[in-house]
Amino acid sequence: SLQWPNDKIFVVLDILRYMLLINSAATYISTTDTLAKLVAIRQRTNNLPTPTLVMLYRVIANFAVKPATAAAISASVAEVVEHFFELGAEEKSNSKAMAAVSLSILNLCTLLRLSNSDDERVLLCSLAAQLLDEVSGKLEEQQEAAETLIRSIATAINTSSAIKEQAMALGCTDTIKKFAENPATPGKTGATARSAAQFLRI
């Protein structure tokens, strides 16, 4: 069903998103190549309708939640992250798409806290920092994404002092610090940034 035309696949993705929350269904899905096909959906076209893109990213976010599918996405972190590094301008300007992407990143950061390599955690941190910087000029409409990305960076960095050192050297905490120190940073984003800055001692 994931091979359906792009204008028909929304319903399939929505059903898959729900199935991933059911243990027995998630266990079965973990034995298939579903995740690879999900990444391929975005790679095969640049003309997916925005609602379909949002649903696609919500499905990927759910992959990182259930233990049954955790191993599958842990083994494909590099491919998923590479895809998110290549988001188009239309996706980055859509608050719902960015909220779904940010949730995927946060779920991956949470999943990988005690597993996988330091390189993959630093890669996720770099991705979150890049996207946070890109939404920083649109905080009124991108607050949900900004808050989730801040939490993603804090989650990734908090795994070890070595990762914190690498992430800070790459500038991953710069935007958090900027938000935390600026009293004009909107509501929840400012509060989240200040909490993260205090937690990370930056």
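Side chains are part of it too, since the values below use all heavy atoms of this structure and drop only hydrogens, waters and symmetry mates.
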key: Val80 reachable from Ile41 in the ILVMFWY side-chain graph, under 4.5 Å edges   = yes
query = Are the side chain of Asn94 and the backbone of Ala97 linked by a donor-acceptor contact shorter than 3.5 Å?
reply = yes
ask   = Taking C-beta and beyond as the side chain, do Pro51 and Phe10 meet within less than 4.5 Å on heavy atoms?
value = yes
remark   = For Asp174, the side-chain hydrogen bond (donor to acceptor under 3.5 Å, both in side chains) test, sequence neighbours excluded, returns none
key: Single-linkage hydrophobic cluster, 4.5 Å side-chain cutoff, Leu170 and Ile163 together   = yes
query = Quick one: side-chain contact (heavy atoms from CB on, under 4.5 Å) partners of Ala61, sequence neighbours excluded?
reply = Leu103, Ser104, Asn107
message = Using side-chain heavy atoms (C-beta onward) and a distance below 4.5 Å, is Leu38 in contact with Phe63?
response = yes
query = Any side-chain heavy atom of Lys138 within less than 4.5 Å of one from Ser93?
reply = yes
Side-chain heavy-atom pair Gln166, Cys125 within 4.5 angstrom cut-off = no
ask   = Side-chain heavy atoms under 4.5 angstrom apart, residues restricted to Ile, Leu, Val, Met, Phe, Trp, Tyr: same cluster for Ile202 and Phe199?
value = yes
request  = Please say which of Leu127, Thr173, Thr175 ends up in a side-chain contact (heavy atoms from CB on, under 4.5 Å) with Leu132.
outcome  = Thr175
request  = First locate atom CG of Asn23, then atom OG1 of Thr69, and finally report the distance between them rounded to the nearest 0.5 Å.
outcome  = 9.5 Å
Which atom pairs, one a donor and one an acceptor, fall under 3.5 Å between side chains of residues 179-191 and the rest of the protein, sequence neighbours left out?
| residue | atom | partner | partner atom | Å |
| --- | --- | --- | --- | --- |
| Asn182 | OD1 | Ala184 | N | 2.9 |
| Thr185 | OG1 | Phe179 | O | 2.9 |
| Thr185 | OG1 | Asn182 | O | 3.0 |
| Thr189 | OG1 | Gln143 | OE1 | 3.4 |

Transitive ILVMFWY cluster of Val65, excluding itself - 4.5 Å side-chain cut-off = none
key: Close side-chain approach of Arg201 and Lys164, heavy atoms under 4.5 Å   = yes
query = OG of Ser195 to CD1 of Ile176: how many Å apart, nearest 0.5 Å?
reply = 11.0 Å
query = What do you reckon, is NZ of Lys92 surrounded by more than 12 foreign heavy atoms closer than 6.0 Å?
reply = yes
message = Quick check: do Leu111 and Val77 have side-chain heavy atoms less than 4.5 Å from each other?
response = no
ask   = When hydrophobic residues are tied together by side-chain contacts of less than 4.5 Å, even through go-betweens, does Val54 share a cluster with Val11?
value = no
query = Checking side-chain contact (heavy atoms from CB on, under 4.5 Å) against Met55, which of Leu16, Leu13, Ile60, Val12 comes through?
reply = Leu13
task = Verify the cluster assignment for Leu35 and Ile15: are they in a single hydrophobic cluster under the rule of side-chain heavy atoms below 4.5 Å apart?
result = yes
inquiry  = For the NZ atom of Lys96 and the CD atom of Glu141, what is their distance to the nearest 0.5 Å?
reply    = 14.0 Å
ask   = Around Phe85, counting heavy atoms of other residues, nucleotides and ligands shown, do more than 12 lie under 6.0 Å from its CZ?
value = yes
query = Sub-3.5 Å donor-acceptor pair from the side chain of Ser76 to the main-chain atoms of Ala72, do we have one?
reply = yes
Leu56 vs Ile9 side-chain heavy atoms within contact, under 4.5 Å = no
key: Glu165, CD atom: more than 12 neighbouring heavy atoms under 6.0 Å   = no
Report all side-chain donor-acceptor pairs from residues 144-158 shorter than 3.5 Å, counting only partners two or more places apart or in another chain.
| residue | atom | partner | partner atom | Å |
| --- | --- | --- | --- | --- |
| Thr148 | OG1 | Glu144 | O | 2.9 |
| Ser152 | OG | Leu106 | N | 3.3 |
| Ser152 | OG | Thr148 | O | 2.8 |
| Thr155 | OG1 | Arg151 | O | 2.7 |

ask   = Listed by chain and number, what are the side-chain contact (heavy atoms from CB on, under 4.5 Å) partners of Glu91, not counting sequence neighbours?
value = Arg42, Leu53, Tyr57, Leu87
